[in-house]
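First the proteins, then the strands, lettered A, B, ... as listed; each starts at 1. Computed from heavy atoms alone, side chains included, the values below leave out hydrogens, waters and symmetry copies.
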Amino acid sequence: MTRFAPSPTGYLHIGGLRTALFSWLTARHNDGKFLLRIEDTDRARNSEEALAAIIKAFDWVGLNYDGDVVYQSKRFDLYKQYIDQLLAEGKAYKCYMSKEELDALREAQMARGERPRYDGRYRDFDGTPPEGVDPVIRIKAPQEGVIRFVDGVKGEIAISADEVDDFIIARSDGTPTYNFVVAIDDALMGLTDVIRGDDHLYNTPKQIVVYNALGFKIPKFYHVAMINNEQGKKLSKRDGATDVMEYKRMGYLPEALLNFLVRLGWSHGDQEIFSLEEMIALFDPKDINKSASSYSPDKLLWLNAHYIKNTPNAKLAELLREFGVDIADHDRLEILLDATKERGKTLVELAEQINLILEAPSSYDPKAVKKAFKGDAKAILTDFIAMLQTWEKPLHLPSDYHAVLEKLIEEKEIGFGKIGMPLRVALVGALRGPGVDEMMAIIGVDETIERIEKAVATIEI
RNA sequence: GACCCUUUCAUCUAGUGGCCAAGGAUGCUACGUUUUCAUCGUAGUCACAGAGGUUCAAAUCCUCUAGGGGUCGCCA
């Protein structure tokens, strides 16, 4: 039983998706459940749009969660019960310290070179509380010893008790705080494995304090190191997209993104390509790396190219709709995509490749013209048109067109390049792209002749 | 500033004391295939952060130093 617990303050971050993936894989590997919980206890910072964006991103990559989404904001009554319980048991207490006093205390501690923390002044307070102050509730953390736990990634972690102060579990307005509700929910939802970013490492001892105070069973923790940029610094928008949905817009396939992310901080021998099924079969959180990894988009691009090549054409045609290419009903769909899908590393590039063929060239690349439209190119192209027009066999497949070319070469006693190059430029305006046979088969004989005629008209001499 | 985590090619990583004068992948550079581009194939390029120890033997264990990251909120 695992979970992903984002706070709805922005889009789904690429790093967040990796943690979610690790959790999801752990659950699926063990035939367990994967739950989604929204950490929205801070009402001031949440937004509906952010929540919708996160769910949408989950949808896109295909990580399914079990049961209903849990909203912490709807469980305040539950948390209140536990606060009252701790208060009644003397495991928590009211603190009347003002924010100003707290700031002053922190500043003084910093000045002395200490780690700032609450000094426990109201821990055993039984005097008269100051007037007009709404108290916060603090939990009693152990005052000596060390808090230990075994992290599934990092190994044994021991944090001295005096690093953990009596932290606030309820604000002065009565709302509960993060470390308190996380521990309660993780326990109540029955989580066995908590996989999260290692920026939470220091929250763990705090949450253990809550587990112990409430008598809950402590789950197994896994703290996954962050993803940095190529320079090893914190990943920012300048290093490329951090919003998961941005990858969709850039033409990445979700399976490529997931394959890329799973190999960031995890590996299984030398294997690079993992289908979702293989990931589920092979993933074990104990194999997660301790150290931070750097984000480098090259490999993602390579993976994306790989997955595009291996996606069925019908599926590709459907995906391409979002990129302005509607070829689902094209009668040469198979030839078209077979010819182009090895040339586009993203759906955006693939769309460009397709348009290059489907749309008659509006101009001819000057360099290509110089190279191809010379010598007797004009005459050869003209001859080719004539042959196409009088060809008696059907012209459907690339091989049909190839036969015409063969005949031309034979009759004129020329090399393939003599016709290939100018023909290519006539068809697409440049010296690149799929084979001319394929391209002619895709656009058909009429369009082929039209394009060649148009090109011939531009050739001087 | 204090505390915690971390350190193998440019990047992702394999590696748990001898199989490692360190393997795979991406990138990059050649060459081959291709009428072109791409794909694909072959080859090359490139690393154990540094210094001390322990040991017959260390990338692997220990110590220190340095780099990087994280945390110190009535945020999550």
Asks: Does A/Arg75 have more than 12 heavy atoms from other residues, nucleotides or ligands lying within 6.0 Å of its CZ?
Replies: yes
Asks: Without decimals, in angstroms, what is the distance between A/Leu405 CG and B/U36 P?
Replies: 15 Å
Asks: When all nucleic acid strands are considered with a 4.0 Å heavy-atom cut-off, which category describes A/Gly415: base, sugar-phosphate, or nothing?
Replies: nothing
Asks: Contact between A/Val182 and A/Arg196 at the side-chain level, heavy atoms closer than 4.5 Å - yes or no?
Replies: yes
Asks: Looking only at atom P, what distance separates B/C48 and B/U7, rounded to whole Å?
Replies: 16 Å
Asks: Quiz question: going by heavy-atom distance under 3.5 Å, is there a donor-acceptor pair between the base of B/G23 and the side chain of A/Asp270?
Replies: yes
Asks: Can you identify which nucleotide, out of B/C3, B/C72, B/G27, has its nearest atom closest to the A/Trp302 side chain?
Replies: B/G27
Asks: Atom NE2 of A/His200 to atom C1' of B/C5: distance rounded to whole Å?
Replies: 15 Å
Asks: Who is the Watson-Crick or G-U wobble partner of B/U71, with both distances under 3.5 Å?
Replies: B/A2
Asks: Report the base-pairing partner of B/C40 (Watson-Crick or G-U wobble, both distances below 3.5 angstrom), or none.
Replies: B/G32
Asks: B/U6, OP1 or OP2 - any side-chain N/O from A/Lys290 closer than 4.0 Å?
Replies: yes
Asks: Return the nearest nucleotide to the side chain of A/Arg263; candidates are B/A76, B/C12, B/A38.
Replies: B/C12
Asks: Among B/C74, B/C72, B/C37, which nucleotide sits nearest the side chain of A/Pro116?
Replies: B/C72
Asks: What does A/Ser172 touch in the nucleic acid at a heavy-atom separation under 4.0 angstrom: a base, only the sugar-phosphate, or nothing?
Replies: base
Asks: When both hydrogen-bonding distances must be under 3.5 Å and the geometry is Watson-Crick or G-U wobble, what is B/A14 paired with, if anything?
Replies: none
Asks: Taking a pair as Watson-Crick or G-U wobble with both distances under 3.5 Å, which nucleotide is matched to B/G52?
Replies: B/C62
Asks: In terms of relative ring orientation, are A/Tyr122 and A/Phe125 parallel, tilted or perpendicular, with 30° and 60° separating the classes?
Replies: perpendicular
Asks: So, does A/Thr41 get its side chain near the phosphate of B/A76, meaning an N or O under 4.0 Å from OP1 or OP2?
Replies: yes
Asks: Looking at A/Ser267, I'd like to know whether one of its side-chain N or O atoms comes within less than 4.0 Å of OP1 or OP2 on B/A14.
Replies: yes
Asks: Select base, sugar-phosphate, or nothing to describe what A/Met97 touches, counting heavy atoms under 4.0 Å on all strands.
Replies: base
Asks: Choose from B/C5, B/C74, B/A76 the nucleotide whose nearest atom is closest to any side-chain atom of A/Ile157.
Replies: B/C5
Asks: Is there a side-chain contact between A/Gln207 and A/Tyr178 in this structure, where contact means two heavy atoms from C-beta onward sitting under 4.5 Å apart?
Replies: yes
Asks: Which whole-number value in Å describes the distance from A/His268 NE2 to B/G23 C1'?
Replies: 16 Å
Asks: Could you tell me the Watson-Crick or G-U partner of B/C20, where both distances fall under 3.5 Å? Say none if there is no partner.
Replies: none
Asks: Indicate the ring-plane relationship of A/Phe76 and A/Tyr79, choosing parallel, tilted or perpendicular according to the 30° and 60° boundaries.
Replies: tilted
Asks: Look at the side-chain N and O atoms of A/Lys309 and state whether any lies under 4.0 Å from the OP1 or OP2 oxygen of B/C40.
Replies: yes
Asks: Ignoring hydrogens and angles, does a donor from either the side chain of A/Lys154 or the base of B/C5 sit under 3.5 Å from an acceptor on the other?
Replies: no
Asks: With a 3.5 angstrom cut-off on both distances, give the Watson-Crick or G-U wobble partner of B/U45, or none if there isn't one.
Replies: B/G27
Asks: Are OP1 or OP2 of B/C12 and a side-chain N or O of A/Ser294 less than 4.0 angstrom apart?
Replies: yes
Asks: Is the distance between the ring centroids of A/Phe283 and A/Phe22 under 6.0 Å?
Replies: yes
Asks: Tell me if the side-chain of A/Arg424 makes a donor-acceptor pair with the base of B/U36, cut-off 3.5 Å, by modelled atom types.
Replies: yes
Asks: Quick one: is B/G73 close enough that its OP1 or OP2 comes under 4.0 Å of any side-chain N or O from A/Arg106?
Replies: yes
Asks: Aromatic ring centroids of A/Phe4 and A/Phe58 under 6.0 Å?
Replies: yes
Asks: Is there a side-chain contact between A/Asn289 and the phosphate of B/U7, meaning an N or O under 4.0 Å from OP1 or OP2?
Replies: no
Asks: Return the value, rounded to whole Å, for the distance between atom CG of A/Asp119 and atom P of B/A2.
Replies: 21 Å
Asks: Would you say a side-chain N or O of A/Arg432 is under 4.0 Å from OP1 or OP2 of B/U35?
Replies: no
Asks: Looking at A/Ser293, I'd like to know whether one of its side-chain N or O atoms comes within less than 4.0 Å of OP1 or OP2 on B/U11.
Replies: no
Asks: Do the side chain of A/Asn203 and the base of B/A76 come within less than 3.5 angstrom through a donor-acceptor pair of N or O atoms?
Replies: yes
Asks: So for A/Glu272 and B/G24, does any side-chain atom that can act as donor or acceptor lie under 3.5 Å from a complementary atom in the base?
Replies: yes
Asks: So what does A/Leu431 hit on the nucleic acid, given a heavy-atom distance under 4.0 Å: a base, only sugar-phosphate, or nothing?
Replies: base
Asks: Are OP1 or OP2 of B/U39 and a side-chain N or O of A/Lys345 less than 4.0 angstrom apart?
Replies: yes
